[in-house]
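The next block holds one structure in the form of structure tokens; read it before the comments.
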Amino acid sequence: MKKKFAVFGNPIKQSLSPQIHQHFAQQHQLEINYERQLSEQHRFNQDIEEFFKTGGNGCNITAPFKQMAFSLCGALSEQATRAQSVNTLARDSSDKLTGHNTDGVGLLKDLTANLHLQLSGANIMVLGAGGATRGILQPLIEQRPASLTIINRTIEKAQILAEEFADLLQINTASTSDITDNLPRPDLLLNATSAGLDGKLPITDTSFITKDCCCYDLSYASKPTSFMTLCSDAGCSQVYDGRGMLVEQAAQAFTIWTSKEVDTKTLINDFDQLNQA
Ligand code: ATR
């Protein structure tokens, strides 16, 4: 019987997860069923329960349900515990449901294995202090950067995150409207805000961005995001979107569910075709 997978979110039409996971399954001649599932806040827990009751083997969780998924899990991976959010649910042979967060590891794989960036000793700056940032802090810290700075429109949220991760690293914080010269100039600038969803820019001042800074938007689109354009206009030549992270986080989830490793390079290279399919 075909294994049954799904991705739950709202909205969900735009999700490329079904195509990505079918691609992985083909690499192993596996036939799987992978569907997009639209859910609602008031029935999310029920939807998940129903999915697993009716034979679901595993599912992905996307916005806005990652924190709700975290709350409903009996068991959690270390990354999910730190991130306080879950993007992958897996049912083991004894029917136990475990929550994982593969976003951070997915990002790290893209930055280091695909883009060959050296993060150890680098000054890293993250824009945003929401769920996306929470999911990537631990794996970034594990790379031993020289500094890590969180910039957020609402500084208090950046400060709360810094306190929460203070046992791992002393994190600098600043408000978007006050990115001072005292902060380390970033070698890597990550956009983890949701500003682009509303067609807005996460920052307007780009004077702190040097030309050799690598800029990476955790979101992706068929054309460069507004953040990517901003960075290119500031003179940066290394500017990326989050397609690699998307494929890599999916690969981690696929391995959790099937214990099989997958090739991600082809899919990342052919991503535009996937996006148009
Ligand atoms: P996600 O799970 O995608 O991270 P979130 O938890 O709602 O979503 O966090 C969204 C992040 O994007 C926040 O850091 C938010 O800033 P605030 O904490 O000040 O709300 C940031 N953000 C959203 N719209 C933004 C905008 N127009 N300009 C700057 N930052 C923005």
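Remember, it's 1-based here, ligands and their atoms both numbered in the order they're listed.
When each atom of ligand 1 is checked for a heavy atom of G128 under 4.0 Å away, the hits are 14 (O). Of all atoms in ligand 1, listed by their number and element, those nearer than 4.0 Å to a heavy atom of P202 are 29 (C). Below 4.0 Å from some heavy atom of K200 lie the following atoms of ligand 1, by number and element: 27 (N). Below 4.0 Å from some heavy atom of A195 lie the following atoms of ligand 1, by number and element: 23 (C), 24 (N), 25 (C), 26 (C), 27 (N), 28 (N). Per-residue contacts place A129 under 4.0 angstrom from the following atoms of ligand 1 (heavy atoms of the residue considered): 14 (O). Those atoms of ligand 1 with a heavy atom of K157 less than 4.0 angstrom away are 17 (P), 18 (O), 20 (O). Against a heavy-atom cut-off of under 4.0 Å, A132 is close to the following atoms of ligand 1: 1 (P), 2 (O), 4 (O).
M125 and F227 fall within the same hydrophobic cluster, where Ile, Leu, Val, Met, Phe, Trp and Tyr residues are linked whenever their side-chain heavy atoms come under 4.5 Å apart, directly or through other members.
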Requested in this report: Given side-chain contact (heavy atoms from CB on, under 4.5 Å), test Q143 with Q118 step by step and report yes or no.
Outcome: CA-CA 9 Å; Q143 297 294 307; Q118 172 72 33; over 6 Å; no

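Each of V105, D110, T112 was checked for a side chain to side chain contact (heavy atoms under 4.5 Å, CB included) with L108, and the lone residue meeting it is T112. Here the options are F65, F51, F52, the test is ring pair (Phe, Tyr, Trp, His ring centres under 6.0 Å), and the partner is F8; only F51 passes. When each of N60, D103, N87 is tested with K66 by the rule side chain to side chain donor-acceptor pair (under 3.5 Å), just one qualifies, namely D103.
Between D241 and R243, at least one side-chain N (NZ, or NE/NH1/NH2) sits under 4.0 Å from a carboxylate O, which counts as a salt bridge.
Protein heavy atom closest to atom 3 (O) of ligand 1, with residue, atom name and distance, is S194 CB, 4.2 Å. From the protein, the heavy atom lying nearest to atom 6 (O) of ligand 1 is G131 N, 3.0 Å. Protein heavy atom closest to atom 27 (N) of ligand 1, with residue, atom name and distance, is R153 NH1, 3.5 Å. Considering only non-hydrogen protein atoms, atom 9 (O) of ligand 1 sits nearest to G130 CA, 3.4 Å.
A pairwise comparison of heavy atoms in L218 and M245 identifies CG-SD, 3.7 Å as the closest pair. Across every non-hydrogen atom of K3 and W257, the tightest pair is NZ-O, 4.4 Å.
Note that the CG atom of D187 and the CG atom of L119 stand 9.5 Å from one another [nearest 0.5 Å].
Counting only non-hydrogen atoms, the option in N152, T176, D103, T193 that gets closest to atom 13 (C) of ligand 1 is N152. Summarising the contacts of atom 17 (P) of ligand 1 with T133, L127, T154, the nearest heavy atom is found in T154.
Taking the six-membered ring wherever Trp is involved, the centroid distance between the rings of F254 and F5 does not fall below 6.0 Å.
Residue contact annotation: A63 has no non-hydrogen atom under 4.0 Å from ligand 1.
Not a single N or O atom of D198, backbone or side chain, sits closer than 3.5 Å to an N or O atom of ligand 1.
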